[in-house]
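A note on names: the letters A, B, ... follow the listed sequences, proteins ahead of strands, and every chain is numbered from 1.
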Amino acid sequence: MNENKQLDKLLQQDYEHGFITDIESDTIPPGLSEAVVREISKRKNEPEFMLEWRLKAFRHWQTMIEPKWAHVHYPPIDFQEISYFSAPKNASDGPQSLDEIDPELLKTYEKLGIPLREQEMLAGVAVDAVFDSVSVATTFKSKLKEMGIIFCSFSEALQEHPALVQKYLGTVVPYTDNFYASLNAAVFSDGSFCYIPEGVRCPMELSTYFRINAMSTGQFERTLIIAEPGSYVSYLEGCTAPMRDENQLHAAVVELIAFDNAQIKYSTVQNWYPGDKEGKGGIYNFVTKRGACRGVNSKISWTQVETGSAITWKYPSVILEGDNSIGEFYSVALTNNYQQADTGTKMIHLGKNTKSTIISKGISAGFAENAYRGLVRIAKSAENARNYTQCDSLLMGDTCGAHTFPYIETKNPTAQVEHEATTSKISEEQLFYLQQRGIETDDAVSMVVNGFCKQVMKQLPMEFAVEAQKLLGISLEGSVG
Amino acid sequence: MLEINDLHVSVEDKQILNGINLTVNPGEVHAIMGPNGSGKSTLSNVLAGRSGYDTTTGRIQYQQQDLFELSPEERAHQGIFLAFQYPVEIPGVNNIYLLKAAVNAKRKANDEQEVDAYEFLELAKDKIKKLGIDKSFLYRDVNAGFSGGEKKRNEILQMMLLEPTLGILDETDSGLDIDALKIVAGGVNQLRNKDRSFILITHYQRLLDYIKPDFVHVLANGKIIKSGDYSLALELEKTGYGWIEKMEKVSQ
Amino acid sequence: MIALNESHYREQAHLAQAKQESLPWLMTLQQEALEQLLAQGLPNTRVEDWKYTNLKPLTKKLFTIQPASEQLSNITLPANAQTLVFNNGHFQQSLSSLENTKSISYHVLSQDTLDIKPDFTHELDDIVATLNTALLTDGLILTIKENSIIDTPIHIYHINTAEQGMSHLNHHIILEKNSEATIVEHHLGDNDNNYLSTIITNVHCFDNAKLKHYKIQCESMQAYHLASVRSRLRRDSQLQQFKFDFGSRLARTNNSVSLEQTGAYCQLSGLYITRKQQHIDNHTMIDHQVANTNSDEFYKGIIDDRSRAVFNGSVIVRKDAQKINACQSNKNLLLSEHAEIDTKPQLEIYADDVKCTHGATVGQLDEDALFFLSTRGIDKETARNVLTFGFAKDILQSISHEELRLNLEQLILAQLHLEHEQQELL
């Protein structure tokens, strides 16, 4: 109690003084305070409600402590050391040519067959940003516009459609939700906004064509997708090539809302820089992703293939409010060397006849730690709810770990919940069989692992799946000797 | 083509093979027969390069090379094919995908042009027709949910596509009904020519009615104790393996 | 944390310590435990391990240590059995029939004949143990001697007869090399008495020993029951454990098995049947510390009325503990709209050459089976009972001792209120 009072007092002081100094540089100096939050909002010329929301989030964040329950280990993050606002990256900041990039990274690009121009872009090399894809993007944008679909950056949405943003922002992931979500709410830089009007089926996978220019979203991105009744959208996030990024911490928030009979399919292939073989560097990927099936017969599917980042910590979840709504979670999490992943999902069943499916495949190699953590909650109101969960772990090498922490809470006697899990070593028999057929060890491993992950991979849109498959192979090269 | 000299092999410190000598020339078919536990499967696994087998003494020359210098996949590239006694299931991996990957791995290693998906499909369709296998076979996961007979036929299909120089069939006939056995034998007979050799490892003489071997060897207690021609197989069929066991007792 | 009434617990601990005057080392440990208990208090539901079980109700009443009662009404002990009886937490020599022989020896803490010092090193590791140690009323050290095979089960009765009383016991069961025994722990209470009973059972199985360990919890429906069972298995030893929860208002068991040497194997079976407002929480942990150790775990639950059951089963495979097979399953029948089940089966694996599986289900009676029975002319109520009993009975399958199995069948029928139908069902 006492502590809280003191804190309140401190906060009040900040408030009294307000923000006076006007900083001229592109980047706000490292450190986090109410003044910084105000400055971010001001620079982005945001509407008043946005600033208010950010401030509430910031004040709440100050009362919170960093969570420690995940099965991951990392040195403490100094939040005052981080710079919370950077203008678009300047040509002089990044490496000047591909010669300055980690050769391992370049090899991976090559294996994935990424064009040179794109390689430069992914690696953060400063290039003149005139791409064919930009004009392609513009063409598609006008087509989407005709159908009433809004697909733009979050900043743009705040300028062009403030009422929509205000109506839905934070209704799935409130700013009080958790430590990193609160931090994101206070300081988020940009992200994507997507609105599909009633009855519209979005004719293309969103974001494929925007891959190049949607990249520099920064450290605290925020995505909001709204699917009005009867609409459908498939959204792809990330790219399959590893992105070199100097940022240590990524704390993103994604909110999805599906109304009656609407469907959202959200696919992620996450391949941020995982650090080097000794575990130095790499991204901390602490993300809050949640969807709300608000309407009857609505459906939200999360598909993720996570092979990057030094630490991945995320639980894409679905709140099944509408009767007959469906939640799905398909996940592949691969960790090698010193990577750590603690990932899974939450399926919260509230409506009648709600269904959820969880398929999780964890692969652990090297010195990596890989944990599945999931919650299935059947509330009293969820008559006839169904859940099926399958989580399998594959171990490669005796220095890695695989863990499974499922929570099942059931309060309704008509519910049927089924959870199955297995953990085993990659089969030497399978590898030998393939080798006897002339297939090289690395390819054999890749083949067995892809087979193990097939249930998840087939959920991905075709062109994404092909690259993701290659990625699994590349990430495991040399892990079985 | 293949020369095995005084081969001694142990598994987890237990001696399994006690001095095998065997020469296989191009075009020959050798049958190796023997009771359970005589070391038949150990021999085929050693030839294919499975780990976990310690060769204490002896050597194997294959096409003028030391076989032990080659990894399992290199042996495969150079034409050694093992039809497994218990083919393993690989969930999630499409059968045709494996077949194509295997054919192309071999072609690549031998500096030959890889086949594209269309060409390969034609090739595979031709072979399955010859083997009397349904087309759906190609699109199922490797051996997953296959019956015993289907697994064995899948091994033969792979063999026909890979066209080995030395084919080793490890009890491929076990558990097959007569129709399946004919299909398996038909596959081998189609491939038989003056440059290609086979080692048939079997418990029963029945297979040899359909694939006539040039030589028959009896393996017992990790040693070839008797060699002869096809008539030896007939003799074994009549007398069973009892006399071998008796002989072993006497020698002990 | 949940604070405890300090003066009351100091007074009670003082009473408890006075009993152990001949064991000064124990008195010191008890004092240490008391200070730790008062400083820490009881864990609240924000502590992950106690997320689903609230201990607050325990602090609403001031339980006191009571003497053993003169006679035990309502409870008939089996004749011709080897028994050890504890009443209100005190050993009752007059009611116990087990005798010290060449094969079996036992000591109790409250008797001054104690010439061995049991291992109390872990007594401050968890809160149940700390509470138990601070207020310890008595304890047993039972040893099955090397190479002894004891065919007749040894029954240990724990009977609580005092309203608002409390009992705190700490047992050590030791099976020396190559020995075999069946040990049955019974927990019984009087009618609807409200009391607190805590008990720690330490099991040590030495090389090649085989133990069948039963724990049958039939406390009063108003009782609080907190238990810890810790089993340590040496080379090639085997533990078969059967755990039944029928009684208690609130029961929590921390059940851990350490497979410490190669060849050790444990099989844990459990059944909880909860009714009314019962809250039954089973935490199990199987720790594969070395290579070539195996485990099977199979828990089932039937949850009815307004009751709530919690199952938390973890399997750990330590680094370099290769060649492990571990299988875990938890199946639940949820029978009432006001009942709740929270289950959390977990695996933590740090070695690679392992085969570990776990499964958990929550469901209802099979509609197809119900329909099938109805087509055979069986009425709905009976059909439900038959299937429910069948679901529960499954757990008794591997009990080879017939008398024990029959007794347990009776208990299950009683718990399901099916006594009158036993003829048809059995």
- Message: Checking side-chain polar atoms at under 3.5 Å, does Glu369(A) have a donor or acceptor matched by the opposite partner on His403(A)?
- Response: yes
- Item | Which atoms of Thr343(C) approach chain A - backbone, side chain, both or neither, heavy atom under 4.5 Å | both
- Item | Lys/Arg N to Asp/Glu carboxylate O, Asp342(C) vs Lys51(C), below 4.0 Å | no
- Item | Contact winner vs chain C - Thr399(A), Asn370(A), Asn412(A), Thr423(A), heavy-atom pairs under 4.5 Å | Thr423(A)
- With respect to chain C, which residue among Thr410(A), Leu375(A), Leu395(A) yields the maximal number of heavy-atom pairs within a distance under 4.5 Å? Thr410(A)
- Message: Between Gly397(A), Pro413(A), Cys400(A), who has the most heavy-atom pairs with chain C when the cutoff is under 4.5 Å?
- Response: Pro413(A)
- Item | Gln435(A) (side chain) donor-acceptor with Ala444(A) (main chain) under 3.5 angstrom | no
- Largest heavy-atom contact set with chain C, pairs under 4.5 Å, which of Ser424(A), Ser393(A), Pro406(A): Pro406(A)
- Message: Between Tyr52(C) and chain A, with a heavy-atom cut-off of 4.5 Å, which part of the residue counts as in contact: side chain, backbone, both or neither?
- Response: side chain
- Query: Between Gln364(C) and Thr414(A), is any side-chain donor less than 3.5 angstrom from a side-chain acceptor?
  - Reply: no
- Task: Go through Ile324(C), Asp352(C), Ile303(C) and name the one with the most non-hydrogen pairs under 4.5 angstrom from chain A.
- Result: Asp352(C)
- Message: For the interface with chain A, which of Lys355(C), Gln322(C), Glu337(C) has the highest count of heavy-atom pairs at distances below 4.5 Å?
- Response: Glu337(C)
- side chain to side chain donor-acceptor pair (under 3.5 Å) between Asn353(A) and Asp323(A), worked out: CA-CA 6 Å; Asn353(A) 305 315; Asp323(A) 290 351; over 6 Å; no
- Query: Which of the residues Cys391(A), Ala421(A), Gly401(A), Ala415(A) is involved in the greatest number of heavy-atom pairs with chain C at under 4.5 angstrom?
  - Reply: Ala421(A)
- Check whether Ala351(C) gets within reach of chain A through its side chain, its backbone, both or neither, counting any heavy atom under 4.5 Å. backbone
- Message: Distance alone, cut at 3.5 Å: any donor-acceptor contact between the side chains of His60(A) and Thr176(A)?
- Response: no
- Query: Any luck finding a side-chain donor-acceptor pair between Tyr315(A) and Trp313(A) under 3.5 Å?
  - Reply: yes
- Item | Portion of Asp398(A) that has a non-hydrogen atom of chain C nearer than 4.5 angstrom | both
- Message: Just so I understand: if I count every heavy-atom pair under 4.5 Å between each of Thr361(C), Thr357(C), Asp320(C), Ile349(C) and chain A, which residue has the most?
- Response: Ile349(C)
- If you count heavy-atom pairs under 4.5 Å with chain A, which of Gly359(C), Ala326(C), Pro345(C) comes out on top? Pro345(C)
- Task: Please flag which part of Lys411(A) lies under 4.5 Å from any non-hydrogen atom of chain C: side chain, backbone, both or neither.
- Result: both
- Item | Interchain contact, Ile341(C) with chain A, by part (heavy-atom threshold 4.5 Å) | both
- Please flag which part of Glu48(C) lies under 4.5 Å from any non-hydrogen atom of chain A: side chain, backbone, both or neither. side chain
- Query: Does a side chain donor of either His279(C) or Asp281(C) reach within less than 3.5 Å of an acceptor in the other side chain?
  - Reply: no
- Message: Check whether Glu321(A) reaches the backbone of Leu350(A) with its side chain - one donor and one acceptor, N or O, closer than 3.5 Å.
- Response: no
- Message: Heavy-atom pairs under 4.5 Å with chain C - which of Thr404(A), Leu394(A), Ile378(A) has more of them than the others?
- Response: Thr404(A)
- Test item: side-chain donor near acceptor, Asn387(A) and Thr389(A), under 3.5 Å: yes
- Exam field: side chain Asp342(A) to backbone Ala371(A), donor-acceptor pair closer than 3.5 Å: no
